[in-house]
Amino acid sequence: MSTTADPLAALGALPGVAESVESVRKAVDRVYGHRIMRRRSNAVTSEAALRAARGSAALSGADWALEEVRRRTDFGTDDDARVMGAALRLTAEAGQLLSIWRQSPLRVLARLHLVAAASDESRVGRPRQAGEAVDEPLIELPLPDAREVSGRLDGLADLIIAGSSAPALVTAAVVHGELLALRPFTSHNGLVARAAERIVLIGSGLDPKAICPAEVGHAEQGRAEYLAALEGYVSGTPEGMAAWIAHCGRAVEFGVRESTAVCEALQRGAA
């Protein structure tokens with residue numbers, strides 16, 4: 001990441017990033033302009049939240065059909081069900097934390113982990129300490145030690161609190177990528193990272209009604225592509241960072257496509 005006064009804005013100047021930002025903005029504007037949004041935006045938001053949770057859980061290993069998510073009420077019976085329950089809780093919780101994020105992002109991240117883990121264990125709701133293992137089997141990148149995690153989390157929080165002229169997509173991608181790279185908690189890091197990306201996209205004003213679920217797009221592009229893009233972020237090279245931001249941009253656009261289909265179904269009276 002750049003050491004300039006506004007490193008997020010510097011990332012926005014990387015080759016290809018401006019095009020990704022513009023493409024996302026046009027896609028978001030189109031779905032917000034759909035006629036169904038004038039009358040039934042709450043229904044679109046609710047459906048987008050369900051699909052977002054389903055997509056995030058799929059990337060953490062619980063790849064359920066949407067109708068199964070809709071039908072089930074017990075999310076504590078096995079590992080996959082617990083992952084899905086955590087994703088649903090996080091998606092619901094994210095909207096409650098928007099006002100806190102810009103003032104205390106670390107507090108929000110701790111809250112997200114508490115919600116995901118749904119446990120009162122001492123390791124829940126705080127960054128991991130030296131010697132503590134991380135349960136994140138689907139991400140096999142080198143794991144930073146606890147001291148590096150603490151320093152980089154503080155740096156990320158400072159960037160959020162200071163504010164940036166960078167586009168929302170860039171900030172959301174960096175928050176998402178940094179949390180996946182650090183895996184700061186002993187569990188549920190992928191789910192927390194995607195919920196944090198969601199908070200940035202909504203709170204920035206890019207997607208204020210939460211109808212463009214990037215989680216859907218990340219899942220649709222596939223876990224292999226997700227992890228390959230993440231490796232680009234972790235590399236720290238301009239090309240790798242730009243590729244990760246572009247991947248996140250495509251995820252938002254896939255989310256837009258999903259909600260556009262929901263709008264069309266609502267318009268036809270089929271949903």
Side-chain angles (χ1 to χ4, degrees), residues 24-25 27-60 62-76 80-101 108 111-112 114-116 118 168-169 172 176 188 190-221 248 250-271:
V24 166
R25 168 53 67 188
V28 171
D29 285 348
R30 282 195 299 271
V31 71
Y32 269 84
H34 196 287
R35 60 187 301 178
I36 207 72
M37 289 297 295
R38 295 195 294 271
R39 314 184 269 116
R40 302 192 62 185
S41 63
N42 288 343
V44 181
T45 296
S46 296
E47 186 64 20
L50 186 72
R51 296 178 185 221
R54 185 260 158 203
S56 190
L59 287 168
S60 287
D63 193 358
W64 290 11
L66 184 62
E67 289 311 312
E68 178 73 0
V69 182
R70 209 186 299 279
R71 180 185 66 81
R72 288 281 289 269
T73 58
D74 181 3
F75 295 100
D80 280 2
R82 283 189 283 273
V83 169
M84 185 61 69
L88 288 164
R89 291 192 300 274
L90 284 173
T91 303
E93 186 75 10
Q96 310 303 312
L97 299 171
L98 298 175
S99 62
I100 306 172
W101 173 254
V108 169
R111 174 61 184 168
L112 290 173
L114 278 166
V115 168
L169 173 64
H176 185 171
H188 299 90
L191 294 173
V192 168
R194 291 183 288 275
E197 179 187 53
R198 179 179 183 81
I199 287 172
V200 175
L201 293 172
I202 298 169
S204 67
L206 177 65
D207 181 24
K209 293 184 183 293
I211 62 166
C212 306
E215 300 93 331
V216 169
H218 288 303
E220 189 161 337
Q221 292 179 85
C248 292
R250 288 191 297 273
V252 176
E253 292 187 66
F254 278 122
V256 166
R257 187 177 69 181
E258 188 89 351
S259 285
T260 300
V262 170
C263 287
E264 294 294 326
L266 287 169
Q267 187 165 285
R268 294 191 305 268

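Note that the numbering runs from 1 along the sequence shown for the chain.
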Salt-bridge present (Glu253, Arg250; N to O < 4.0 Å):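 No salt bridge links Glu253 with Arg250.
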
Ionic contact status for Glu47 with Arg70, cut-off 4.0 Å: yes

Mind checking the [atom1]-[atom2] spacing from [X] to [Y]? Nearest 0.5 Å is all I need.
X      : Y      : atom1 : atom2 : result
Glu264 : Arg35  : CD    : CZ    : 10.0 Å
Thr45  : Arg40  : OG1   : CZ    : 12.0 Å
Asp207 : Arg198 : CG    : CZ    : 7.5 Å
Ile211 : His34  : CD1   : NE2   : 10.0 Å
His176 : Leu169 : NE2   : CG    : 12.0 Å
Glu215 : Thr91  : CD    : OG1   : 6.0 Å

Stepwise side-chain contact (heavy atoms from CB on, under 4.5 Å) test for Leu97 and Leu112: CA-CA 9 Å; Leu97 299 171; Leu112 290 173; 3.7 Å; yes

Matching residue for Glu197 among Val200, Ile199, Leu201 - test: side-chain contact (heavy atoms from CB on, under 4.5 Å): Leu201

Kindly indicate whether the side chain of [X], heavy atoms from C-beta on, has any atom under 4.5 Å from the side chain of [Y].
X      : Y     : value
Cys263 : Val44 : yes
Leu206 : Val24 : yes
Phe75  : Arg89 : no

Test log, rule side-chain hydrogen bond (donor to acceptor under 3.5 Å, both in side chains), inputs Arg194 and Ser60: CA-CA 11 Å; Arg194 291 183 288 275; Ser60 287; 2.7 Å; yes

Short side-chain to backbone donor-acceptor contact, Arg51 and Leu66, under 3.5 Å: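 Checked: no pair found.
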
Under 3.5 Å donor-acceptor, Thr260 side chain and Val256 backbone: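 Yes, because the side chain of Thr260 sits within donor-acceptor range (under 3.5 Å) of the backbone of Val256.
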
